[in-house]
Engineer: 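Handing you this structure, nothing more for now.
When reading the values below, keep in mind they use all heavy atoms of this one structure, side chains included, and skip hydrogens, waters and symmetry mates. Note that ligands are numbered from 1 as they come in the structure, with each ligand's atoms numbered from 1 the same way.
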Amino acid sequence: MTQLLNVEDYRRRARRVLPRLVFDYVDGGAEDERCLRRNRDALEALPLIPECLRDTHAMDIGIELFDRRWRAPFAVAPIGLAGLVRPRADALLASAAQAARVPFILSTASNTRIEDVRTAAPDATLWMQLYVMGERAIAERIVRRARAANFEALVLTVDVPVGGLRERDLRHGFRVPMRLTPGTVFDMARHPAWLLRLARGGMPQFANLLPDDDDAPVSAQTQAALLSRTMDRTLTWESLAWLRKLWDGPLLVKGLLGAEDARRAVRHGADGIVVSNHGGRQLDAAPASIAALPAIADAVGGRIPVLMDGGIRRGSDVVKALALGARAVLVGRPPVYGLACDGERGALSVLQLLAQETERTMTLLGAAHARELGPRHVDRPTPRSLDEQNGSAQRPPESTRGKPSIYPARAPA
Ligand SMILES: Cc1cc2nc3c(=O)[nH]c(=O)nc-3n(C[C@H](O)[C@H](O)[C@H](O)COP(=O)(O)O)c2cc1C
Ligand SMILES: CCCCC(=O)C(=O)O
């Protein structure tokens with residue numbers, strides 16, 4: 001059996017153990033998947049510059065955010081329909097996050113009920129992700145239940161006014177209404193272990209929309225709206241005030257890519273921002289998150305924490321985001337690959353290996369704590385360095401000559 005040494009190893013194994021329909025749902029992006037690739041390419045193109053002979057014996061990669069200590073500077077991103085990968089996926093991911101002592105963000109589109117996730121991970125730092133579709137009363141009820149189950153922050157996802165065009169899903173007939181083709185039936189039959197688990201666990205449902213004790217059942221129409229990602233398009237920045245009345249804890253906005261939107265978020269009272277292109281699953285023409293991050297960090301100027309996700313596959317990627325102004329990152333697909341390979345243990349292994357890589361990278365850089373990381377650690381062409389090296393901002397430095405720069409130049413301070 002091949003060793004699983006890094007996230008890519010887990011991804012390859014997940015590709016083998018899952019039906020292609022399920023793997024492609026998790027792995028895929030929108031349209032030509034340019035944004036999906038851009039997230040990776042932009043991270044890979046950023047070299048890190050070490051500072052040597054610095055005392056790092058008291059290494060600590062942990063951070064503090066919203067009065068909680070995180071063992072590592074990342075959280076598990078919200079993943080809708082994770083139950084396709086394994087029954088009780090959300091509970092298993094939350095439990096893995098609890099063991100790794102990092103937060104877990106539960107999707108509105110989860111297949112495990114809010115309350116059951118809390119039971120599975122009683123000591124975890126849990127955040128609730130919110131999609132607003134159908135009647136606002138449904139969102140209100142989700143927020144109320146999250147609060148009652150001691151979820152600590154609310155994350156409003158704002159980059160899905162409509163679903164991205166997921167062509168891999170369409171080719172598999174994975175849409176509303178679902179169309180099973182001979183190909184997909186054959187695909188599932190070739191993965192009997194997965195099929196057996198699904199048969200035992202039942203078809204995943206949108207658990208948070210099922211009738212709950214005293215609540216009225218949610219209409220089939222709203223369930224279909226979530227599956228097809230048909231959201232409430234009347235939602236605006238003013239809607240944050242509506243959520244604020246329902247939720248007194250930290251309120252984050254997830255899915256911003258522009259500096260002006262980041263300023264709007266601050267103005268409208270958000271407690272945090274997640275710079276994100278939804279893992280390349282929405283606007284295919286969107287920039288890489290890591291490329292959008294510096295301008296947003298500048299615009300926010302430390303008033304609220306800026307988080308980032310998209311393409312984080314190595315500890316060095318975590319470090320790059322922190323160095324460019326993120327307080328923490330989210331990881332989406334990596335723990336899900338782990339879950340596909342080996343359930344909760346696999347998800348935990350992925351979180352642990354990312355933490356180990358983060359620690360090693362920071363040690364190699366000479367930074368003993370996240371707060372010691374800064375833009376000087378990242379070899380990013382800036383107008384000033386271009387000037388210094390070439391006497392002209394027009395000519396790229398030696399190391400990047402011939403390669404187009406994907407990083408917007410930083411505004412001079
Ligand atoms: C299978 C899948 C389902 C997702 N479901 C949600 C969701 O329900 N809500 C949400 O805000 N983001 C969702 N996302 C986006 C992730 O939260 C996150 O932004 C993205 O996966 C980060 O990129 P990465 O996978 O490269 O780490 C989903 C992503 C994937 C891959
Ligand atoms: C099916 C619910 C939406 C999940 C989602 O946000 C995504 O697939 O990216």
Side-chain angles (χ1 to χ4, degrees), residues 7-8 10-11 14 18 21-30 33 35-43 74-85 89-90 93 103-111 127-133 142 154-166 168-169 174-176 178 204-209 222-231 252-257 273-283 286 288-290 307-314 317-318 321 329-340 350-351 354:
V7 170
E8 181 57 23
Y10 278 92
R11 176 178 176 273
L18 292 174
L21 164 101
V22 177
F23 177 78
D24 278 348
Y25 165 68
V26 172
D27 195 60
E33 303 194 333
C35 180
L36 180 70
R37 281 194 296 277
R38 211 173 274 134
N39 276 342
R40 284 301 307 144
D41 290 350
L43 280 162
F74 51 77
V76 177
I79 300 288
L81 269 182
L84 279 176
V85 174
D90 311 286
L93 287 169
F104 171 78
I105 310 177
L106 182 67
S107 167
T108 288
S110 71
N111 305 121
W127 294 3
M128 187 71 211
Q129 178 265 333
L130 188 65
Y131 275 138
V132 182
M133 68 272 150
I142 286 175
L154 187 65
V155 182
L156 177 69
T157 299
V158 296
D159 57 4
V160 186
V162 61
L165 188 62
R166 317 272 173 88
R168 288 202 219 181
D169 291 351
F174 182 44
R175 55 172 150 105
V176 192
M178 175 91 177
Q205 310 220 32
F206 289 131
N208 299 324
L209 302 186
T222 303
Q223 307 242 11
L226 182 53
L227 191 58
S228 61
R229 306 175 188 90
T230 309
M231 301 299 164
L252 293 92
V253 177
K254 172 174 181 276
L256 302 185
L257 292 164
I273 285 174
V274 185
V275 178
S276 173
N277 48 39
H278 212 99
R281 295 162 75 82
Q282 286 297 115
L283 177 68
S289 307
I290 192 74
L307 285 70
M308 188 213 92
D309 74 20
I312 302 285
R313 299 293 179 270
R314 286 277 187 189
D317 300 329
V318 178
V329 299
L330 311 184
V331 287
R333 295 175 182 89
V336 181
Y337 298 142
L339 181 79
V350 166
L351 296 176
L354 282 173

Engineer: Glu33: what forms a side-chain hydrogen bond (donor to acceptor under 3.5 Å, both in side chains) with it, not counting sequence neighbours?
Structural biologist: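 Expected list: Arg168.
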
Engineer: Can you list the atoms of ligand 2 that are under 4.0 Å from a heavy atom of Arg281?
Structural biologist: 7 (C), 8 (O), 9 (O)

Engineer: Answer side chain, backbone, both or neither: which part of Gln129 comes under 4.0 Å from ligand 1, heavy atoms only.
Structural biologist: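 Answer for Gln129: side chain.
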
Engineer: Is Arg166 positioned over the aromatic face of Phe174, cation under 6.0 angstrom from the ring centre and no more than 45 degrees off axis?
Structural biologist: no

Engineer: Among Met308, Arg281, Lys254, whose heavy atom sits nearest atom 1 (C) of ligand 1?
Structural biologist: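 Closest candidate by heavy-atom distance is Arg281.
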
Engineer: Using a 4.0 Å heavy-atom threshold (strictly under), name the region of Pro78 that reaches ligand 1: side chain, backbone, both or neither.
Structural biologist: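 Looking at Pro78 and ligand 1, atoms from backbone and side chain both fall under 4.0 Å.
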
Engineer: Which ligand 1 atoms does Val26 reach within 4.0 Å, using its non-hydrogen atoms?
Structural biologist: 1 (C), 31 (C)

Engineer: Evaluating non-hydrogen atoms only, which member of Pro335, Gly80, Gly311 is closest to atom 26 (O) of ligand 1?
Structural biologist: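 The nearest heavy atom belongs to Gly311.
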
Engineer: Counting only N and O atoms by type, is there a donor-acceptor contact under 3.5 Å from the side chain of Asn39 to the main-chain atoms of Gly279?
Structural biologist: no

Engineer: Hey, which atoms in ligand 1 end up nearer than 4.0 Å to a heavy atom of Arg313?
Structural biologist: 24 (P), 25 (O), 26 (O), 27 (O)

Engineer: Give the atoms of ligand 2, by number and element, whose distance to some non-hydrogen atom of Tyr25 is under 4.0 Å.
Structural biologist: 4 (C), 8 (O)

Engineer: With a heavy-atom distance limit of 4.0 Å, tell me whether Ile79 approaches ligand 1 through its side chain, its backbone, both, or neither.
Structural biologist: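 Both the backbone and the side chain of Ile79 come within reach of ligand 1.
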
Engineer: What atoms of ligand 1 come closer than 4.0 angstrom to any heavy atom of Ser107?
Structural biologist: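 Matching atoms, with element in brackets: 7 (C), 8 (O).
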
Engineer: Please identify which atoms of ligand 2 are closer than 4.0 Å to at least one heavy atom of Tyr131.
Structural biologist: 5 (C), 6 (O)

Engineer: Within a distance under 4.0 Å of any heavy atom of Gly332, pick out the atoms of ligand 1 and give their elements.
Structural biologist: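 Result: 21 (O), 24 (P), 25 (O), 27 (O).
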
Engineer: By number and element, which atoms of ligand 1 are closer than 4.0 Å to a non-hydrogen atom of Thr157?
Structural biologist: 10 (C), 11 (O)

Engineer: Compare His278, Gln129, Arg229, Met133 and give the one whose heavy atom is closest to atom 3 (C) of ligand 2.
Structural biologist: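 Among His278, Gln129, Arg229, Met133, the closest heavy atom to atom 3 (C) of ligand 2 comes from Arg229.
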
Engineer: Suppose I only count heavy atoms of Ala109 and a 4.0 Å limit; which atoms of ligand 2 are within that range?
Structural biologist: 2 (C)

Engineer: Any idea which atoms of ligand 1 are less than 4.0 Å away from a heavy-atom of Gly310?
Structural biologist: 22 (C), 23 (O), 26 (O)

Engineer: Would you call Asp317 and Arg40 a salt bridge, using N to O less than 4.0 angstrom?
Structural biologist: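 Yes, charged N to carboxylate O under 4.0 Å.
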
Engineer: Below 4.5 Å, heavy atoms only, C-beta onward: do Leu227 and Phe206 meet side chain to side chain?
Structural biologist: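 In contact.
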
Engineer: Please list, in number order, the atoms of ligand 1 under 4.0 Å from a heavy atom of Ser276.
Structural biologist: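 Counting from 1, the qualifying ligand atoms are 19 (O).
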
